[in-house]
Colleague: 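One structure follows; several queries about it will come next.
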Amino acid sequence: MDLQIERVAENEARPKPDQNALGFGRHFTDHMLVMHYTEGKGWHDAAIQPYRNFSLDPAAMVLHYGQAIFEGMKAYRGKDENIYLFRPADNIERLNRSAARLCMPQLPVAEVLLALKELLRLDRDWIPSANGATLYIRPTMIATEAALGVRPAKQYLFFVILSPVGAYYPEGFNPVRIYVTDKYVRAVPGGVGDIKTAGNYAASIMAAVEAQQAGFTQVLWLDAVERRYIEEVGTMNIFFVIGDEIITPPLGGSILPGITRDSVIQLVRDWGLAVVERRISITEVLAAQEDGSLKEIFGTGTAAVISPVGSLHYQGQDCVINNGKTGALSQRLFDEIQAIQYGVRKSPHDWVTSL
Ligand SMILES: *Cc1c(COP(=O)(O)O)cnc(C)c1O
């Protein structure tokens, strides 16, 4: 891949945001990676350029038929000043699975990773050093061909933008209150719930807004057919600790195969704990809470790593988990994964690469 590099002019470099008030997804760095695809020609014109607006035809197919897919990953600045990436090839491979499902072109994984590392080297000064703060990486692919009519587009744009983000838990864990909806559904088997495509998130907004208006942080989705079996939370997979068993819903095609989910499964197996991927109904969870065997619930995802669940609200009832406190396993997993991501602890499965 021939990568053109156009550096931002010194007087046009963006001012760096206050490291202690980054928030999430509000600031973007000086450069971005772009690459174009044309049917018959393949990927071409890969470039790192100053962060700037795109020019899109109003008929660009993504605006009408939603061929849009993305990823979410992070770069971590270690205490040793090395920059670490956590399982980055898994993200690009997942983007390729999303692309395949929407009849979009495959990306060359190794070359995209090399170009991403080049981009990170150029914007290295943007990677925050505050504990827990990171550089969020957003690879995205959209259909740019100007045409109406539902079919796969013949032209695409792939781009990567970078956003410095603050620590998810500046003052320690904050267990979340979750609303279990049986009014809306997120995905059906055979649909697109197992890929990161823009429309899934548009479709989820109304349930999230209603839950927030009622005082909850996130929505827990149930299966679309029986509205009984647990699927996942907003942008997190979910785990339950019941008795001696750690349970997470299986990848049945309607939930997102999280890389954090997979890492948690591998780690707890390394620790000799029993983890099962099986269907679990909301009634089973509530019954386990009743008989005292429900110990912990936590979500997993790149943004928060581990998100302890303090309570579930289902059909007018509140179910408080572990007295609303962070469980021991949640804490252990969070500490372990963070230590691996920041290069403090040696990664058990070659999960970490550095710039
Ligand atoms: C991104 C995402 C996750 C978590 O995936 P990670 O790879 O762990 O970040 C879970 N569910 C949904 C719907 C997501 O979009």
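Note that ligands are numbered from 1 as they come in the structure, with each ligand's atoms numbered from 1 the same way.
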Colleague: For ligand 1, find out whether one of its N or O atoms is nearer than 3.5 Å to an N or O atom of T260.
Modeller: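 N/O-N/O distance under 3.5 Å: yes.
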Colleague: Do V112 and M35 come close enough that some side-chain heavy atom pair is under 4.5 Å?
Modeller: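 With C-beta onward as the side chain, the pair touches.
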Colleague: Less than 3.5 Å between some nitrogen or oxygen of E232 and one of ligand 1, yes or no?
Modeller: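 E232 vs ligand 1: N/O contact under 3.5 Å present.
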Colleague: Could you check whether any heavy atom of G234 sits closer than 4.0 Å to an atom of ligand 1, since that is the contact criterion I want to use?
Modeller: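 The answer is yes, since G234 has a heavy atom less than 4.0 Å from ligand 1.
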Colleague: Is the distance from the ring center of Y51 to that of H31 below 6.0 Å?
Modeller: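 Between Y51 and H31, the centre distance exceeds or equals 6.0 Å.
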Colleague: Compute whether any side-chain donor of one residue and acceptor of the other, for D270 and Q266, lie under 3.5 angstrom apart.
Modeller: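 Side chains of D270 and Q266: no pair found under 3.5 Å.
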Colleague: Are K196 and E71 ion-paired here, with the side-chain N under 4.0 Å from a carboxylate O?
Modeller: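 Salt bridge absent between K196 and E71.
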Colleague: Using a heavy-atom cut-off of under 4.0 Å, does the side chain or the backbone of R186 touch ligand 1, or both, or neither?
Modeller: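 Side chain only; the backbone of R186 stays clear of ligand 1.
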Colleague: Under a 4.0 Å N-O cut-off, is there an ion pair linking D194 with R101?
Modeller: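 Salt bridge: no.
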Colleague: So if I count the atoms of ligand 1 from 1 in the order they appear, which ones are less than 4.0 Å from some heavy atom of Y201?
Modeller: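 Under 4.0 Å from Y201, ligand 1 has these atoms: 13 (C), 14 (C), 15 (O).
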Colleague: Between ligand 1 and K196, is the shortest N or O to N or O distance under 3.5 Å?
Modeller: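 There is such a contact, yes.
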Colleague: In terms of residue, atom name and distance, what is the protein heavy atom nearest to atom 9 (O) of ligand 1?
Modeller: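 The protein heavy atom lying closest is T302 OG1, 2.5 Å.
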Colleague: To the nearest 0.1 Å, how far is atom 5 (O) of ligand 1 from its closest protein heavy atom, and which atom is that?
Modeller: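 Nearest neighbour among protein heavy atoms for atom 5 (O) of ligand 1, to 0.1 Å: G258 CA, 3.4 Å.
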Colleague: Does the separation of the ring centres of Y314 and Y179 fall below 6.0 angstrom?
Modeller: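 They do not qualify: ring centres at least 6.0 Å apart.
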Colleague: With heavy atoms of N237 as the reference, note each atom of ligand 1 found under 4.0 Å away.
Modeller: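 Answer, ordered by atom number: 10 (C).
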Colleague: Taking distance alone, with no angle check, do I259 and ligand 1 share an N/O pair under 3.5 Å?
Modeller: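 Checking ligand 1 against I259, an N or O pair does fall under 3.5 Å apart.
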Colleague: Check whether the ring centres of F173 and F334 lie less than 6.0 Å apart, and answer yes or no.
Modeller: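 Aromatic pair counts; centres sit under 6.0 Å.
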Colleague: Name the closest protein heavy atom to atom 3 (C) of ligand 1, giving the residue it belongs to and the distance to 0.1 Å.
Modeller: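 Of every protein heavy atom, T235 O, 3.3 Å lies nearest to atom 3 (C) of ligand 1.
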Colleague: Below 3.5 angstrom, do we get any N/O pair linking R94 and ligand 1?
Modeller: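 Between R94 and ligand 1 (N or O atoms, distance only) the closest approach is under 3.5 Å.
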Colleague: Report yes or no: is the cationic atom of R332 (NZ for Lys, CZ for Arg) under 6.0 Å from the centre of the six-membered ring of W271, at an angle within 45° of the ring normal?
Modeller: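 Cation-pi check for R332 and W271: passes.
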